[in-house]
Amino acid sequence: MANNIIIFDTTLRDGEQSPGASLDINEKVQIARQLALLQVNVIEAGFPVSSQGDFESVKRIAQDVRGVSVAGLARAVEKDIDSAARALEKAEKPRIHIFLATSEIHRKYKLLKAKEEIIHLAVKAVKYARKYVDDIEFSPEDASRTELDFLVQVVEAVIDAGAKTVNIPDTVGYAVPDHYASLIRGLKEHVKNIHKAIISVHCHNDLGLAVANSLAAVKAGAQQVECTINGIGERAGNAALEEIVMALKTRQDFYHCSTRIVTKELIATSKLVSTLTGLRVQRNKAIVGENAFAHQSGVHQDGVLKERTTYEIIKPEDVGHLKTRLVLGKLSGRHALKERIKELGYELSEEEFERAFKEFKHIADKKKEVFDEDIEAIIGIEKMEVPAIFQLEGLSISCGPNTVPTAGVRLKLQDGSTVDNATIGDGPIDALFKAIDLSTGIPGKLQDYNIQAVTSGKDAMGEVYVNIDVNGKSIAGRAVSTDIIEASAKAYLHAINKAAANNPKYTIHP
Ligand code: KIV
Ligand code: ZN
């Protein structure tokens with residue numbers, strides 16, 4: 001179908017700006033590979049000048065990921081553009097994305113610059129970036145609150161300077177669908193050279209309208225949509241990729257547009273992003289939420305059984321929903337687990353598989369039925385590629401009414417020696433994490449702790465997410481176990497091991 005919409009994914013840049021999200025370089029590369037499988041057109045991999053970590057991850061993604069454009073963000077200043085260009089050197093299709101605020105509020109209070117100066121800086125930056133690459137995108141930040149006549153001047157000037165894409169951000173989520181659509185129509189009508197560039201839209205969800213605004217803009221003629229997996233992003237987030245894509249696909253009759261997204265990869269991508277960022281997806285979230293295809297009322301169940309389309313507008317398989325089924329038990333062997341992992345669409349190295357098998361046996365011993373979700377939870381952990389600098393060897397907890405919560409832990413270090421510590425705390429988890437801190441010598445400040453059951457049933461595995469602050473850096477950890485205290489200890493150690501892996505001093509006995 002003509003009229004293909006370009007999907008620009010900014011999960012790794014705007015998405016990573018979500019409060020509570022933090023991804024290390026390996027995790028970012030893993031997500032980028034999955035985005036390439038999903039076949040997004042552009043991956044915005046980061047903001048290279050903002051930190052060494054961001055620079056390195058954009059560089060790794062640029063050299064490892066093929067078949068997509070890789071974009072790096074830059075302010076309209078030479079040092080940012082130089083840094084983005086260096087990070088993107090090995091990209092198959094590099095794009096430099098330059099932004100500069102244009103609204104009166106930003107000009108007056110943030111930039112302290114007049115309109116003429118803004119145009120001058122924008123044009124200069126685009127021309128400078130053209131030295132490095134052809135594919136330049138320009139974003140007039142806070143475009144939706146910018147005077148239309150001034151926005152027209154800026155957009156026309158940056159297209160003349162060589163911008164191939166002009167993005168119209170609704171930076172603070174202020175737009176409403178009719179207003180945003182008329183803004184896009186206004187630009188198409190008044191910008192003389194608009195036919196030489198792609199019009200892109202980038203919506204934030206402060207009023208819960210990011211997806212509606214993006215779709216209204218597409219109807220008005222926008223050709224690129226910027227979005228994130230699960231709608232994560234700054235404050236209330238960005239437009240959710242899965243919702244945009246499935247709205248365009250389901251309502252092709254209305255939009256007459258298509259994307260190249262492999263929709264069967266949507267659930268896998270959503271799960272990966274949620275697992276690695278620690279940002280849970282709400283149960284009733286459209287398309288990828290657990291309840292998105294669950295029918296509770298008798299009337300609905302009856303209708304769906306008679307004819308699926310009575311109450312379902314999307315086939316669950318089309319977005320990659322698997323029917324939960326009972327798979328394996330404690331008598332299942334390597335072969336059965338390997339086959340099931342393959343059916344679930346995962347690829348593990350031999351080493352990862354051996355670790356997953358060991359964990360599977362451990363769980364199957366405690367749990368009668370091992371479901372697909374349990375296996376996926378195990379795989380999620382194995383794929384995290386974190387060196388086991390500190391391993392949990394044993395733990396004991398004492399707590400209850402009229403008892404001082406006490407925890408004891410034994411950790412195994414890389415040289416095979418063990419370290420034991422016990423301490424008290426405000427509660428069992430507090431005591432446990434304090435005992436781990438004493439043993440590792442790495443004090444972590446707990447910022448977030450989250451626990452949930454992987455499947456239903458009293459013997460369900462508990463999945464624990466933690467977010468800790470180590471020396472001012474926020475690090476996520478995750479683990480699963482049928483024993484939630486053990487899962488808590490392992491999730492905490494998972495985050496600590498990430499911190500230790502980046503600091504050679506910690507690989508030595510504390
Ligand atoms: O929201 C915004 O304005 C942005 C720009 C950098 C495109 O994220
Ligand atoms: Zn944004």
Side-chain angles (χ1 to χ4, degrees), residues 6-19 21 40-51 54 58 69-77 80-81 83-84 87 95-107 109-111 118 121-122 125-126 129 135-146 150-151 154-155 158 163-175 180 183-184 187 197-211 213-214 217 222-241 244 277 279:
I6 298 164
I7 297 294
F8 176 114
D9 180 278
T10 182
T11 305
L12 296 173
R13 201 277 298 167
D14 223 339
E16 218 234 349
Q17 287 173 220
S18 296
V40 303
N41 304 80
V42 186
I43 294 174
E44 186 164 51
F47 188 1
V49 84
S50 67
S51 69
D54 242 41
V58 175
S69 298
V70 178
L73 187 68
R75 288 167 301 181
V77 292
D80 284 33
I81 296 168
S83 170
R95 173 179 295 194
I96 296 179
H97 177 190
I98 301 166
F99 74 100
L100 178 63
T102 50
S103 66
E104 191 187 0
I105 298 177
H106 282 236
R107 293 193 313 262
Y109 298 107
K110 188 179 88 175
L111 300 173
I118 298 282
L121 290 174
V126 171
D135 190 358
I136 308 294
E137 171 167 333
F138 181 83
S139 286
E141 191 190 8
D142 206 15
S144 57
R145 290 194 300 171
T146 300
F150 180 52
L151 191 60
V154 174
V155 170
V158 294
K164 295 270 189 295
T165 302
V166 281
N167 182 40
I168 309 302
D170 180 28
T171 303
V172 290
Y174 175 73
Y180 199 53
L183 177 57
I184 302 301
L187 292 173
I198 298 283
I199 301 181
S200 168
V201 287
H202 175 114
C203 297
H204 280 269
N205 209 26
D206 300 67
L207 293 174
L209 292 170
V211 170
N213 287 336
S214 307
Q223 301 124 296
Q224 171 176 291
V225 179
E226 303 199 354
C227 40
T228 59
I229 300 295
N230 301 336
I232 64 170
E234 190 80 51
R235 305 182 309 278
N238 289 58
L241 179 149
I244 303 275
T277 57
L279 298 172

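For the numbers below, each heavy atom of this structure counts, side chains included, while hydrogens, waters and symmetry mates do not. Quick caveat: nothing in here was measured; it's all calculated off a predicted structure. Counting starts at 1 for both ligands and their atoms, in listed order.
In this structure Thr102 satisfies the side chain to side chain donor-acceptor pair (under 3.5 Å) test together with Thr146, sequence neighbours excluded. Legend: residues meeting side-chain contact (heavy atoms from CB on, under 4.5 Å) with Ala210, ordered by chain and number and at least two apart, are Cys203, Asn205, Ala239.
Here the shortest heavy-atom pairing between Ile98 and Ala129 reads CD1-CB, 3.7 Å.
Listed by chain and number, Arg13, Asp14, His97, Phe99, Ser139, Glu141, Asn167, Pro169, Thr171, His202, His204 each place a non-hydrogen atom less than 4.0 angstrom from ligand 1.
For the Zn ion (ligand 2), the count of nearby protein N, O or S atoms, meaning those under 2.8 Å away, is 3.
Distance alone, capped at 3.5 Å, is enough to place a donor-acceptor pair between the Asn213 side chain and the Ala175 backbone.
Counting only heavy atoms from C-beta outward, the side chains of Thr11 and Ile232 approach each other to under 4.5 Å. Counting only heavy atoms from C-beta outward, the side chains of Val58 and Phe47 never approach each other to under 4.5 Å.
Salt bridge status for Asp135 with Lys164: absent, with no side-chain N to carboxylate O gap under 4.0 Å. Between Lys110 and Glu141 a salt bridge is recorded (basic side-chain N to carboxylate O distance below 4.0 Å).
At most 12 heavy atoms of other shown residues, nucleotides or ligands fall within 6.0 angstrom of atom OH in Tyr174.
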